Each structure stands twice: as C-alpha cells, then as structure tokens.
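Note sheet for the following structure.
Note that ligands are numbered from 1 as they come in the structure, with each ligand's atoms numbered from 1 the same way. Predicted, not measured: the structure shown is a model, and the values here were computed from it.
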Amino acid sequence: MSDIKSVRQVLQAADNVLVVTGAGVSAESGIPTFRGDGGYWRGHKAEELASPRGFQENPRLVWDWYLERRRLVAEAKPNEAHVALAEWSKRRSGTNLVTQNVDGLHARAGHEEVVEIHGSLWKNHCRSCGYRHTAEERHYPVLPSCPVCQNLLGPGVVWFGEKIGFDAIHRTNLAFCEARAILVVGTSGLVSPIADFLHRERRRFPQTPVIEVNPGESAVPSTLRLTGTAAELLPQILSP
Ligand code: BV8
Ligand code: ZN
C-alpha cells in the first residue's frame, strides 16, 4: 500500500491529472453504491432496473427507483471528497474529472468541468425521438411523456446495454489522452466503458501512474493503492 506522501508527490509532479469516480465517492453522502448492500431495491438488482428492458417491463417501478434516488440525493450533501476535488481542481491547471455517477454531487460541490459519462439523474430523456430536458420533479403521479412525440420519457441516465453519448465518450477519450497520472476513486472497476479505458491505458502507457482510493477490493488496474474512504483520504491527498 503506497503512503499518502508518495501519492501527493506523484500528483504534484504530473502536469495533467485525470480523476475517475464511481459510486464510492458519494457513499459518505449517504448514497448507496451499486454493488454494496445498497445494490438492491425492493428485491431487484440495480442492473435489472437500470436497463431498457427493465423500463419497458415496468416503467412505474423503474421511475419509482429513480424518483426515490432524486429525493435521497436532493436531501444529501456533497461530502469532503467532492469538496476536496472541486477545490483542488480550481487551484491547479491540467485536471479532468470523469464520473460514472449520475447524482450531480460533484457539480453541487462546485466542480466546474464534470464529464457525467453515465448521464444525469436530473434529466429526462425520450428514447424514441431523443428529446432531453432538465428535470427536478421528485414525484410523478402520472409518468411523464415526451412533449415532442408523446412517448414515455425515461430518466436521462445511460442504462446497461445503452451506448454512451458521443460527447461524453469524446471528452473521456481526450481526458485519458492528456492524462499523465490517473486518480481512481470509489469504483469497482467492473463497468464498461470506464473499465476498458483503464485497462487500455495500462496496456498503452504503463508509465502512467494509476492511483486508487478504495476501502475495499476492486478490479481497477491500479499501480498505487490507498486503502481507505474517499472522504477520509482525498482531503489528505489533495490539500495545498
Ligand atoms: C456500453 C447509470 C456499449 C444508471 C450506470 C453483458 C451484457 C450487456 C452489457 C454488457 C455485458 N458485459 C459488459 C457490458 C457492458 C455494460 C457493463 O459494463 N456491464 C457490467 C455490469 C459488466 N456497460 C454498458 O452497457 C455501458 N454501455 O457498454 O455500451 C454498446 C455499444 C453498442 C450498442 C449498445 C451498447 C453503459 C453502462 C452504464 C450503466 N449505467 N449508471 C443508474 O445510475 O441508474 S452504471 C452504474 O454502475 C453507476 O453509474 C455506477 O457508478 C457504475 C459503476 O459502478 P461503481 O461506480 O463502480 O459502483 P459499485 O457499487 O460497483 O462500486 C462502488 C465502489 O466504491 C466499490 O469498489 C466500493 O469498495 C467502493 N466504496 C464504497 N464506499 C466507499 C468506496 N470508495 C471510496 N469511499 C467510500 N466511502
Ligand atoms: Zn420523444
């Protein structure tokens, strides 16, 4: 396990740092992760609900899951990890942030440029005509329909089995190309395309340090690892 001092040195020496976050960075804001014990909802696996098929089979159940998450996130606050990242990114040049989370907590912590590769809980999206809008509703007595084509609107997230948006993939690709060090926080490293990006990076640029912060095991191909939580370690790693 690498100590905090060596991680700080690596990050300070890199003229471009890419930060990749997953559900674990929001865990200390009270948001359940996907594969921890919060990974089930009313007996359904997250992967089942977060899918076109799940929505098709039971749009009301899937919307109830997303609306419950909107209510939970609306009551939650960004934690010390989100804040430490936001402040660090303002203090130095050459940083990018790609998050797999859809909760919007990085932006609420003041992080300016965030690539939300899996979309946003705070958008609705029509998968028939592509219409998309920002949405803050936390209750839908009647499920929302598209103002353009009248089909059912779904949440503006990327489901399992759906393609990532072109803009998000392009910006993520660019961020990996620019990176001279990568800091991976709170992800199991199991979900593509982020998992593929990380493995490809290790193959192509073995000299690029991949630093991981996680209290548990993961599939992240890290070169340096700090075992601990995001809210505990990020303020120590990123403080001025
Ligand atoms: C795509 C939005 C290509 C929704 C999410 C077989 C069949 C079908 C598909 C596939 C398949 N095999 C692979 C795939 C591709 C699939 C995939 O990867 N599946 C996985 C399950 C194997 N990926 C996709 O489908 C992607 N699209 O590949 O398109 C394509 C091409 C052509 C045509 C069609 C498609 C789209 C994936 C996006 C899925 N949407 N979210 C929603 O949120 O409801 S993913 C979801 O998982 C969340 O975004 C979450 O962030 C993400 C990743 O999980 P993690 O963030 O890692 O969370 P997890 O719970 O797993 O881990 C938490 C970690 O935190 C743990 O390690 C834990 O130890 C740690 N932790 C806990 N507490 C803390 C902590 N760390 C720090 N501090 C703490 N306090
Ligand atoms: Zn539509």
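Sorted by first and then second residue, the salt bridge (charged side-chain N to carboxylate O under 4.0 Å, His left out) pairs with a member in residues 181-210 form an empty list; sequence neighbours excluded.
Annotation: Lys90, atom NZ; neighbour count of heavy atoms from other residues, nucleotides and ligands within 6.0 Å is above 12.
Protein N, O or S atom count below 2.8 Å of the Zn ion (ligand 2): the structure gives 4.
Ligand 1 places these atoms under 4.0 Å from at least one heavy atom of Ala50: 44 (O). Of all the atoms in ligand 1, the ones that sit under 4.0 Å from a non-hydrogen atom of Asn214 are 66 (C), 67 (O), 68 (C), 69 (O), 70 (C). Residue-ligand proximity, Gly22 to ligand 1, at heavy-atom distances under 4.0 Å covers atoms 56 (O). Listed by number with element, the atoms of ligand 1 under 4.0 Å from a non-hydrogen atom of Thr187 are 55 (P), 56 (O), 57 (O), 64 (C), 65 (O), 67 (O). Atoms of ligand 1 lying under 4.0 Å from any heavy atom of Tyr66, numbered from 1 in the order shown and given with element: 4 (C), 42 (C), 44 (O). In summary, the atoms of ligand 1 found under 4.0 Å from a heavy atom of Trp65, numbered by their order in the structure, are 44 (O). Within ligand 1, the atoms closer than 4.0 Å to a non-hydrogen atom of Asn101 are 51 (O), numbered from 1 in the order shown. For ligand 1, the atoms lying closer than 4.0 Å to a non-hydrogen atom of Gly161 are 24 (C), 25 (O), 34 (C), 35 (C).
Glu57 has a carboxylate O that lies under 4.0 Å from a charged side-chain N of Arg53, or vice versa, which qualifies the two as a salt bridge. Between Glu136 and Arg70, no side-chain nitrogen of the basic residue sits less than 4.0 Å from a carboxylate oxygen of the acidic one, so the salt-bridge criterion is not met.
Counting only N and O atoms by type, the side chains of His82 and Ser26 include a donor and acceptor under 3.5 Å apart. Using modelled atom types, one finds a donor on one side chain and an acceptor on the other under 3.5 Å when comparing Ser218 with Glu212. A donor and an acceptor atom, one from each side chain of Tyr140 and Asn124, are located under 3.5 Å apart. Of the N and O atoms on the side chains of Glu178 and Asn96, at least one donor lies less than 3.5 Å from an acceptor on the other residue. A donor-acceptor pair shorter than 3.5 Å can be found between the side chains of Gln100 and Thr187.
The closest approach between a heavy atom of Arg69 and any atom of ligand 1 is below 4.0 Å.
Contact annotation: for Glu47 versus ligand 1, heavy atoms closer than 4.0 Å belong to the side chain alone.
Across the listed options Val185, Thr229, Val158, Val158 owns the non-hydrogen atom lying nearest to atom 38 (C) of ligand 1. Among Pro215, Ala230, Gly216, the residue whose heavy atom lies closest to atom 76 (N) of ligand 1 is Pro215.
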